[in-house]
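The chains referred to below are lettered A, B, ... by the order of the sequence lines, with proteins before strands, and numbering in each begins at 1.
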Amino acid sequence: MKTLSIASTWCEGCSGCHMSFLDMDERLVELIGKGLVLTATPITDLKIPPMGTDVGIIEGAVATDHHLEEVRELRHRCRMIVALGDCAVFGGIHTMRNYFTVEELLHRGYVTTESTVNGTPPTSGELGKLLPKVISVNEAVKVDFFIPGCPPSADVIYHVLNELVEGRVPKLTEDLLHYD
Amino acid sequence: MNKVKVRINGTDTEVDQGTTILDAARDLGIYIPTLCHHEALIPRGACRMCIVDDRGKLKPSCTMPVENGMDITTDSPRIRHVRETVLQMIFTSRNHYCMYCEASGACELQDLGYRLGIDHFSFSTYENRYPVDISHPYIMFDHNRCILCGRCLRACTDLTGHYVLTERNRGVKSLIVADLDAPLGKSSCVSCGACVQVCPTGALIEKRAAYQKSRDGMEKVTTVCERCPVGCGIEAYRNPGANAVIKIHGDWSAGPTGGVLCRVGRYLSLYEENRKIPSARLRTGASVKDLSPADLKGILRERIRGASAWVDGTLYNEELALIRTVFDGRVHSLGPVTPPAASTGRIEDLNSAAVIVVFRLDLDEAYGALGSLMKRRAALNQATIVLVDAPPGTFSKLPVVRLGSSELLARIREFAGPENVFVYRDLEAHERDAVSGLSAKRLWLPPETNTIGLARLGIEHREPGGDAVFFFGRSTPDVALDDGTFVACFTPHENRLTQRADLVVPVREPFQRRGSFYNLEGEVLSRVPALSPGPDGFDLEELLADIQEER
């Protein structure tokens, strides 16, 4: 049977799009029956997809250097990249911080917040460094398909995966396309 | 009217000269996307979504009148590419992220994005930051959501005549500003709210209405405003679950004012702080007792005998007729009901008058929609406004003629013709005499909404007095009554009168009531309730009908 392997991750996202993915309920089992294979996704709790994975699904915007590395890695390992949800497609709510500099943000978040005493922005090398602007996935790597929504409905996620599993190029009709 | 022949998408048609390509296409049932276009406003051609192809040249169909020989194509790969690119540029210029916007679900930019299948942004975003103006008591202007369609400017100028909003700078720095770039709350804005109503995105939003309910979840009730005798047609948007009115819009299809409203009808009717009366109550001596409906009716049956009623112009014809019946004709008006001089003209005459003379009124503060009708013509020099003894600052931006009463009377021959209109609420006796003899039209503005209803029911003005005085309506007269007088008050909210009354009966609130009243032209207007009745608040008609039946 022809298989369609998928990997997924979320970057600067709330995981709501993945919840919507799971909201497909038993339709996910149906898709697996038709050849869908889950490789590295939060669902399987595997971290690194194999080279040549068919579809890499990315939720969330690119906000730190870690995210940048992650989406580039996925782009490298997957044949096709799908941006899932408004944050991945447009940058989403996180772009509200683009009006401010990183210094202003860290200062407000770690020093001047009302309940903080003697705060300092963290400097650990393990933490991702904030990029100057939150960007959508397609500003970092080439994206092949976009699914806007906050979150996209389980119906549209199912529709796209079903089209791909059956070997067709998906198209979002007006009833499946929404930005909120 | 000359006719013009034009071909649109292969169909030949003939239209009146002056018709735009857009209107000609719409008459044929052909869809052309638009964004800055609005049925009540003069076309501007700002958004470039309505681009069509005429023999190889791209033209904006909303502003271009048809010409003989035109061969229009409204849809082609080239046109679609242009429209998509323009829409992408509009989306990415400023903050058009829908997920946290108040207008999402009822945004014309969003709708167009869905229609054209935009599923990602082609250009980078957040390159510029624009101000968010929250200085105004009712209106918030988030310039990051603005698409510079200019509908607000057009509403503020051509439609309502206030001339507050204009555009500043150019290119990416373009900004809609108030006056000379003042905060909206400190500008000459009169809060008519037309700008908010026409804004296609979430740039201009009403503060109190924002986020109460999704815009597509609101229910719309078409009714009339009852705050003054102009009686503008309105659309009250309600939250059915909470039984509350969220916001008020003007009804573009209604009457001579055609959707133009004023601060009183659009905002004050919702923003005024009122205290509800918790239940009917009776004061005897120092103690106050809450009354059940049965107790109340008992008291009324006893006390109405021989009592007199005082009413005002906030009551509807049906209520007034019933009060008159229940009180055996002993009903009087709190305020004057007769005009100094009867009207001879109609509101429509303001749209064609050469000179409009206004006596001692600031038509930005009261009867605001009529003020707009005059201002928008005066601003274009289509009419001259003469203000007689106007309050200082009235119509300060317009080139009006300001006269004292005696100056006017000395020059009255200049304004005598039938193409002129005199507008007044009160007139001195000598002014009335001078104005009555002329062929110029007269428009009397009654002091209250249903003043004419009071007059037509034969209810005359008299100062309150007697043993038992029953007040109906929302007035709060500062009356001097003897200590022994029994005072009853039937009104929706606590006021000065309810504090001293012996009997207080809560009645339904304005948006819960149904009834008819006469507008200033003497036409009957019907007020449809926008809300269901609440648990407190008696239906005045029902209450009085019960009392009447038992007699």
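With a 4.5 Å cut-off on non-hydrogen atoms, B/Thr92 does not touch chain A at all. Of the atoms belonging to B/Tyr97, it is side-chain heavy atoms, and not backbone ones, that fall under 4.5 Å from chain A.
Here B/Arg129 is the residue among B/Arg129, B/Gln110, B/His96, B/Arg115 with the most heavy-atom pairs under 4.5 Å with chain A. Between chain B and the options A/Leu172, A/Thr95, A/Val134, A/Ile135, heavy-atom pairs under 4.5 Å are most frequent for A/Thr95. Between chain B and the options A/Cys150, A/Pro148, A/Gly92, heavy-atom pairs under 4.5 Å are most frequent for A/Gly92. Looking only at heavy-atom pairs under 4.5 Å with chain A, the residue among B/Cys101, B/Gly113, B/Ser124 that has the most is B/Gly113.
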Check the pair B/Met140, B/Asp133 against side chain to side chain contact (heavy atoms under 4.5 Å, CB included), reporting the backbone distance first and the verdict last.
-> CA-CA 6 Å; B/Met140 174 169 129; B/Asp133 184 349; over 6 Å; no

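Between A/Asn162 and the choices A/Lys34, A/Arg168, A/Arg27, the side-chain hydrogen bond (donor to acceptor under 3.5 Å, both in side chains) rule is met once, by A/Lys34.
Under a 3.5 Å cut-off, the side chain of B/Asn169 and the backbone N or O of B/Ser174 do not form any donor-acceptor pair.
A salt bridge does not link B/Glu206 with B/Lys247: every distance from a Lys NZ or Arg NE/NH1/NH2 to an Asp or Glu carboxylate oxygen is 4.0 Å or more.
Relative orientation of the B/Phe91 and B/Phe121 rings is tilted, given thresholds of 30° and 60° on the angle between their planes.
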